[in-house]
Amino acid sequence: MTAILDVLRFLLTAAPWAMARGALLSIVVLLMGAALLGLSGWFITASGLAGIAGIGIAFDFFRPSAGVRFLALGRAAARYGERLLTHDATLRALAKLRVRLLEREATRNARGLMQLRSESVLTRIVADVDALDGLALRLLLPVLAALLTHAVVFWVLGWLVGWPMALAVLIGYVPCAALILWRLGHRGLAPSHTAEVEAQSLRRGLIDTIRDREALILRGRIGAREEALLETDRSLRDAARQLDQAERAAAFRLSVLVTLVAGTALVIGGWLVSDRSTGAAVAAIGVFVALALAETVLPLRRGFAELGRMAGAARRIGGFDTAQPSSSATPSHLPAPASASSASAADAPLLTIRRPDFSLDLGPGEAAAITGASGIGKTTLLLQIAGLLDPQLQDAGDKIAVLGIPPHDWDETAFRDFVTMVPQRSALLRGTVRENLALAADATDAEMWAALAAADLHHTFDGRGGLDARLGEGGAGLSGGQARRLCLARAVLKRPRLLLLDEPTEGLDDESSNLVLIGIRRALPDSAIVAALHRGSGHPVFGQRLGLAIRPHN
């Protein structure tokens with residue numbers, strides 16, 4: 001429940017005025033509904049009594065009927081406005097929630113960000129944010145509106161009809177409905193959570209099956225995969241059935257409660273009339289208002305039934321408060337080294353590494369190749385140089401400095417202008433080649449073509465529309481080697497002082513690898529380059545070649 005309260009607090013503070021307008025109209029809708037049925041009950045009863053007494057001609061039919069029409073039309077208009085404003089408020093709050101999610105995820109280290117790129121994680125995040133719209137629309141606003149409506153109705157009924165009637169309606173509805181809804185929420189926690197988990201698992205399983213169907217058929221595993229999907233579907237249906245049964249039981253109990261409260265109001269109204277404490281027409285107001293207040297409790301069951309789904313989403317998203325995200329991940333207490341007055345920073349090499357197995361000092365225009373067996377830590381070293389890993393995870397004997405300053409002590413913006421890393425996995429967007437290159441810098445077409453030529457990619461797009469050639473999602477339409485080279489061209493456009501390359505020639509033949517390395521060196525003659533390589537470390541571009549050794553763990 002703590003996670004739900006945290007997210008609710010965030011949603012309220014994300015769009016407070018929009019939420020307040022929606023909540024106000026929700027109360028107006030419920031109050032106008034109660035007033036409409038109460039006035040209608042009084043009108044019907046009073047006109048009937050006037051007819052029985054033979055004074056129907058003297059009875060004022062016009063003002064009550066005008067009031068009924070006003071309340072009916074006003075309630076319809078208020079309902080429309082309430083739906084419009086509450087959904088607008090919820091969408092505004094969820095938009096800020098998505099932004100806060102991106103802000104929080106942007107502070108992760110590189111490995112955490114790479115994990116977020118998997119389809120399962122992205123699908124779960126999208127589904128969790130979608131689930132949280134029910135917190136405001138089906139729980140928060142309806143519950144607040146219901147409680148405030150009951151408070152107003154209590155005082156109005158006590159003033160118009162009598163306090164016994166007001167107490168009977170209030171005590172009959174609020175505690176009993178709360179008990180029924182609490183029981184529904186408790187019973188629905190497990191099945192609603194299970195249904196959400198199984199639905200996401202089924203969705204991912206279907207996508208994976210369609211994508212991998214040829215391999216599954218060749219391995220003879222398509223039948224086993226189908227059975228696994230059917231089992232997931234059965235589990236999903238079973239959880240949905242349990243949730244539906246719990247919701248139906250709660251709906252039945254709430255309907256019985258409405259009947260009992262209305263019956264109690266009828267008995268108390270009869271007693272008040274017989275005791276001459278009030279008139280029959282006025283007493284009818286209490287009975288009809290008791291019926292109208294069913295609108296305050298019956299719609300709540302859907303929100304309480306999905307409480308488990310929303311609670312799970314809130315726990316996974318979690319960690320939100322009304323404060324702005326901490327900026328500790330992007331320290332800015334030091335100036336950019338380009339303007340630093342420290343002589344040690346100005347005279348220091350572009351990159352300095354001190355480790356037990358090797359030392360490296362790299363100046364402008366120099367390049368070093370880092371080699372070693374797969375999994376030995378080449379990528380980790382590049383991530384540490386790029387400041388994308390927690391420095392606390394770094395071995396105590398390792399010292400890394402860029403211009404004499406540890407990566408995590410730099411100003412974040414200045415550091416990203418100074419250092420660029422191209423990882424193994426290509427990161428391309430759906431759109432044109434120009435749009436993908438423009439992510440690095442506001443460059444001219446000539447500069448973009450020069451960057452493509454440096455990556456030996458200019459001939460690829462000559463006959464495909466040039467810079468306006470369109471790429472699919474994730475760079476679809478390019479081979480793996482072409483996608484990697486387009487990322488390298490984007491890095492060249494950024495013109496960093498220190499360029500970090502993780503397997504830049506993987507998937508390229510020897511001739512292409514040679515052209516790419518020479519092209520990058522020519523395009524960035526004054527930049528220091530560090531490349532992690534499995535092969536090609538003997539290329540003349542690299543003046544230093546360093547091998548990582550297996551490090552003992554204490």
Tell me, do Leu139 and Met310 make a side-chain contact under 4.5 Å, heavy atoms counted?
-> yes

Sorted by chain and number, sequence neighbours left out, side-chain hydrogen bond (donor to acceptor under 3.5 Å, both in side chains) with Asp244 holds for Arg248

May I have the step-by-step check of side-chain contact (heavy atoms from CB on, under 4.5 Å) for Leu71 and Leu39, ending in yes or no?
-> CA-CA 9 Å; Leu71 290 172; Leu39 178 59; 3.9 Å; yes

Inspect the surroundings of CD in Glu214 and state if more than 12 heavy atoms from other residues, nucleotides or ligands are less than 6.0 Å away.
-> no

Quick one: pull up OG in Ser40 and CG in Leu291 and give me the separation to the nearest 0.5 Å.
-> 12.0 Å

Euclidean distance, Arg79 CZ relative to Ser26 OG, rounded to 0.5 Å = 7.5 Å

Donor-acceptor contact below 3.5 Å, side chain Arg484 vs main chain Gln424 = yes

Minimum-distance pair of heavy atoms, taken over all atoms of Met32 and Phe70 = CE-O, 4.2 Å

Is there a side-chain contact between Leu94 and Leu11 (heavy atoms, below 4.5 Å)?
-> yes

Salt bridge (charged side-chain N to carboxylate O under 4.0 Å, His left out) assessment of Asp233 paired with Arg237 = CA-CA 6 Å; Asp233 182 65; Arg237 290 175 182 272; 2.8 Å; yes

How far apart are the C-alpha atoms of Leu437 and Leu486, what are their side-chain angles, what is the distance that settles it, and do they pass the side-chain contact (heavy atoms from CB on, under 4.5 Å) test?
-> CA-CA 8 Å; Leu437 292 175; Leu486 183 55; 3.8 Å; yes

The ring pair (Phe, Tyr, Trp, His ring centres under 6.0 Å) partners of Phe288 (sequence neighbours excluded) come to none

What's the shortest heavy-atom distance between Ala166 and Leu157, and which atoms?
-> CB-CB, 3.9 Å

Side-chain donor-acceptor pairs of residues 298-309 under 3.5 Å, sequence neighbours excluded:
{"unit_1": "Arg301", "atom_1": "NH1", "unit_2": "Leu298", "atom_2": "O", "d": "2.8"}
{"unit_1": "Arg302", "atom_1": "NH1", "unit_2": "Glu306", "atom_2": "OE2", "d": "3.4"}
{"unit_1": "Arg302", "atom_1": "NH2", "unit_2": "Glu247", "atom_2": "OE1", "d": "2.7"}
{"unit_1": "Arg302", "atom_1": "NH2", "unit_2": "Glu247", "atom_2": "OE2", "d": "3.4"}
{"unit_1": "Glu306", "atom_1": "OE1", "unit_2": "Arg138", "atom_2": "NH1", "d": "3.3"}
{"unit_1": "Arg309", "atom_1": "NE", "unit_2": "Glu196", "atom_2": "OE1", "d": "2.8"}

Minimum side-chain heavy-atom gap Met421-Leu383 below 4.5 Å = yes

Say you draw a straight line from OG of Ser235 to CG of Leu230; how long is it, rounded to the nearest 0.5 Å?
-> 12.5 Å

Decide if atom CZ of Arg234 counts as having more than 12 heavy atoms of other residues, nucleotides or ligands within a radius under 6.0 Å.
-> yes

Any side-chain heavy-atom pair of Leu181 and Leu254 under 4.5 Å | yes

For Trp163, which residues count as a ring pair (Phe, Tyr, Trp, His ring centres under 6.0 Å) partner, sequence neighbours excluded?
-> Phe154, Trp155

Non-hydrogen atoms of Leu229 and Leu202 that approach each other most closely | O-CD1, 3.7 Å

Taking NZ, NE, NH1 and NH2 as the nitrogens, is one of them in Asp212 or Arg204 under 4.0 Å from a carboxylate oxygen of the other?
-> no

Is it true that a side-chain atom of Thr296 and a backbone atom of Leu293 form a donor plus acceptor pair closer than 3.5 Å?
-> yes

Arg434 CZ to Leu439 CG distance, which is reported to the nearest 0.5 Å = 13.0 Å

Mind checking whether Arg183 and Arg253 have side chains closer than 4.5 Å, heavy atoms only?
-> yes

Without swapping roles, check the side chain of Thr90 against the backbone of Thr86 for a donor-acceptor pair under 3.5 Å.
-> yes

Could you tell me whether the side chain of Gln200 and the main chain of Val197 form a donor-acceptor pair under 3.5 Å?
-> no

Should Glu295 and Arg75 be marked as a salt bridge (charged side-chain N to carboxylate O under 4.0 Å, His left out) after you check the CA-CA gap, both sets of side-chain angles, and the distance that decides it?
-> CA-CA 13 Å; Glu295 188 181 17; Arg75 181 178 178 278; 2.4 Å; yes

Contact summary for Ala34 and Val289, nearest pair of heavy atoms | O-CG2, 3.7 Å

Which atoms form the tightest heavy-atom contact between Met19 and Ala93, and what is the distance?
-> CE-CB, 4.2 Å

How far does NE2 of His408 sit from CG of Leu388, to the nearest 0.5 angstrom?
-> 7.5 Å

Check the pair Leu140, Leu135 against side-chain contact (heavy atoms from CB on, under 4.5 Å), reporting the backbone distance first and the verdict last.
-> CA-CA 6 Å; Leu140 178 63; Leu135 278 176; 5.9 Å; no

Residue pair Leu147, Val143: steps toward the side-chain contact (heavy atoms from CB on, under 4.5 Å) verdict = CA-CA 6 Å; Leu147 291 175; Val143 169; 4.1 Å; yes

So do the side chains of Val28 and Glu82 get within less than 4.5 Å of each other, counting heavy atoms only?
-> no

Is Arg219 reaching over with its side chain to a backbone N or O of Leu216, donor-acceptor style, under 3.5 angstrom?
-> no

Heavy-atom distance under 4.5 Å between the side chains of Leu31 and Ile27, does that happen here?
-> yes

Report the residues that fulfil ring pair (Phe, Tyr, Trp, His ring centres under 6.0 Å) with His193, sequence neighbours left out, ordered by chain and then residue number.
-> none

Can you check whether Leu132 reaches Val7 side chain to side chain, under 4.5 Å on heavy atoms?
-> yes

Whether over 12 other heavy atoms sit under 6.0 Å from Arg416 CZ | yes

In Å, rounded to the nearest 0.5 Å, how long is the span from SG of Cys487 to CG of Asn436?
-> 8.0 Å

Got more than 12 heavy atoms from elsewhere within 6.0 Å of CZ, Arg69?
-> no

Just checking, is any N or O donor in the side chain of Thr379 or Asp502 under 3.5 Å from an acceptor N or O on the other one?
-> yes

Would you mind writing out the side-chain donor-acceptor pairs for residues 256-268 within the sub-3.5 Å range, not counting sequence neighbours?
{"unit_1": "Thr259", "atom_1": "OG1", "unit_2": "Ser255", "atom_2": "O", "d": "3.0"}
{"unit_1": "Thr264", "atom_1": "OG1", "unit_2": "Leu260", "atom_2": "O", "d": "2.8"}

Heavy-atom closest pair (Ala136 atom, Pro142 atom, distance to 0.1 Å) is O-CD, 3.6 Å

